[in-house]
2 protein chains.
Amino acid sequence: MSASDQSGDHAADLLRLDEFLPYRLSVASNIVSETIAATYRSHFGLTIPEWRLVAVVAEGAGLTQRDIVTRTRMDKVTVSRSARALVDRGLLLRRARSEDRRSHELVLTDAGEDLHQRIGAQARAIERAIFGRFDPEELAGFDSMLRRVNDAALALLEGEG
Amino acid sequence: MSASDQSGDHAADLLRLDEFLPYRLSVASNIVSETIAATYRSHFGLTIPEWRLVAVVAEGAGLTQRDIVTRTRMDKVTVSRSARALVDRGLLLRRARSEDRRSHELVLTDAGEDLHQRIGAQARAIERAIFGRFDPEELAGFDSMLRRVNDAALALLEGEG
DNA sequence: GTAACATAGTTACAAATGAAACGAATTTGG
DNA sequence: CCAAATTCGTTTCATTTGTAACTATGTTAC
């Protein structure tokens, strides 16, 4: 990796894109996302933000949009639009909250639950197709790295502005 | 990882987003990209595609836009627009190719080379800030996983359409 | 040679995205 | 209480992004 390449020669001054981890992370992530997005769209007519909303609400019924923004770091406008689209399709319900009438509790309809089940199966199938070939130790390491990279970048981003 | 969670109980049917590797990959990648994009924009007035173009051309002067599309998997429209923006700013030159007048060889101007040096230093600083705390073995493993994930997803995407 | 096809790149248009302004409800400070 | 400030969510608008159509050049097959 180039960050650990601290030899003082001239070549070290050139940034090789292919060895630049953020670049590689981005490319890998985009290809995986494209693969998944293609499936969600063709099989279920859902965008990635919509599907994420379904997944999050399935895990924690009764969350507000604000809760979801906080959890997923999606933009609040994206969440708003996704929620509306899902409500329009009869997959999501908004229940009034007596304690705060600005926001609503989001819950899946039966159709929404059903869709979540089917997408979940599909999502795991893709995950298996991509990650299934690696051994558990490698995966655990990868997973742990992602979490720590996430935290480190977040600290940078929020720390420095 | 959830794909390896094959216990037969009910909870196994629920997809926990937080344990879904493609999701985690995407979130981590987005945060890292945001961090870097903020720096490029504020320090150099460059978008990420523009900066990538600079980096790729710096590595292989004389490439055509098509070459860059192939190498980086950027969209050809994105490459076209980035190239134009860089030419307008005096960072990039287009040299005619006698063998094919549809395309041009791209090379950095002196100003472009200079910018590349400065950005490179900055980019490595960010990489170090995010990835510098991990030990070389972990990084090597992470790097290798990214490459293999990339290849596996690509095979899926291109194989199945 | 030339008609059909393919390729590099741009342009025009449409969809997705996010920042800023806004309306409505709630909280805070006096 | 009530005015100011804050928060949740939506809407509006500008920017970004990519698909599709197009121009220009190049290649292939007859």
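Chain identifiers are assigned alphabetically (A, B, ...) following the order of the sequence lines, protein sequences preceding nucleic acid strands; residue numbering begins at 1 within each chain.
Residue-level contact check: A:D75 touches the backbone only, with heavy atoms under 4.0 Å from sugar-phosphate atoms and none from bases.
Here the P atom of nucleotide D:dT7 and the CG atom of A:D67 are 15 Å apart, to the nearest Å. Between the CG atom of A:D100 and the P atom of C:dT27 there is a distance of 6 Å, given to the nearest Å. B:I68 places its CD1 atom 19 Å from the P atom of C:dT7, with the value rounded to the nearest Å. B:H104 places its NE2 atom 8 Å from the P atom of C:dT10, with the value rounded to the nearest Å. Taking atom CE of residue B:M74 and atom P of nucleotide C:dG9, one finds them 13 Å apart after rounding to whole Å. Atom C1' of nucleotide C:dA8 and atom CD of B:E105 are separated by 14 Å, given to the nearest angstrom. Here C:dT17 presents its C1' atom at 16 Å from CZ of A:R73, a figure rounded to the nearest Å. Spacing between atom CD1 of A:I48 and atom C1' of C:dT17 amounts to 14 Å, rounded to whole angstrom units.
B:R24 places no side-chain N or O within donor-acceptor distance of the main-chain N or O of B:E19, the cut-off being under 3.5 Å. The backbone N or O of B:A111 lies less than 3.5 Å from no partner atom in the side chain of B:D114, so there is not a single donor-acceptor pair.
Residue B:T78 has a polar side-chain atom (N or O) positioned under 4.0 Å from OP1 or OP2 of D:dG18. In this structure, A:R94 reaches the D:dT10 phosphate: one of its side-chain N or O atoms is under 4.0 Å from OP1 or OP2. Between C:dT26 and A:R101, a contact under 4.0 Å exists linking OP1 or OP2 to a side-chain N or O. One finds a side-chain N or O of A:S80 lying less than 4.0 angstrom from the OP1 or OP2 phosphate oxygen of D:dT10.
Across C:dA8, C:dG18, D:dG18, the shortest atom-to-atom separation from the side chain of B:R81 is found for D:dG18. Closest approach to the A:P49 side chain among D:dG9, D:dG26, C:dT17 is made by C:dT17 (side chain taken as heavy atoms from C-beta onward). Listed candidates were C:dT17, C:dT26, D:dT11. Nearest to the side chain of A:R84 is D:dT11.
Sequence order on DNA chain C of the closest nucleotides to A:K76 and A:T47 puts A:T47 first from the 5' end. If you find the closest nucleotide of DNA chain C to A:S98 and to A:V77, the one lying nearer the 5' end belongs to A:V77.
Residue B:D135 places its CG atom among more than 12 non-hydrogen atoms of other residues, nucleotides or ligands, all under 6.0 Å distant.
Between the side chain of A:R102 and the base of C:dG23, no donor-acceptor pair of N or O atoms lies under 3.5 Å.
Atom CD1 of B:I126 is separated from atom CG of A:L156 by 7.5 Å, given to the nearest 0.5 angstrom.
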How far apart are the C-alpha atoms of B:R147 and B:D143, what are their side-chain angles, what is the distance that settles it, and do they pass the salt bridge (charged side-chain N to carboxylate O under 4.0 Å, His left out) test?
CA-CA 6 Å; B:R147 285 183 201 275; B:D143 186 90; 3.2 Å; yes

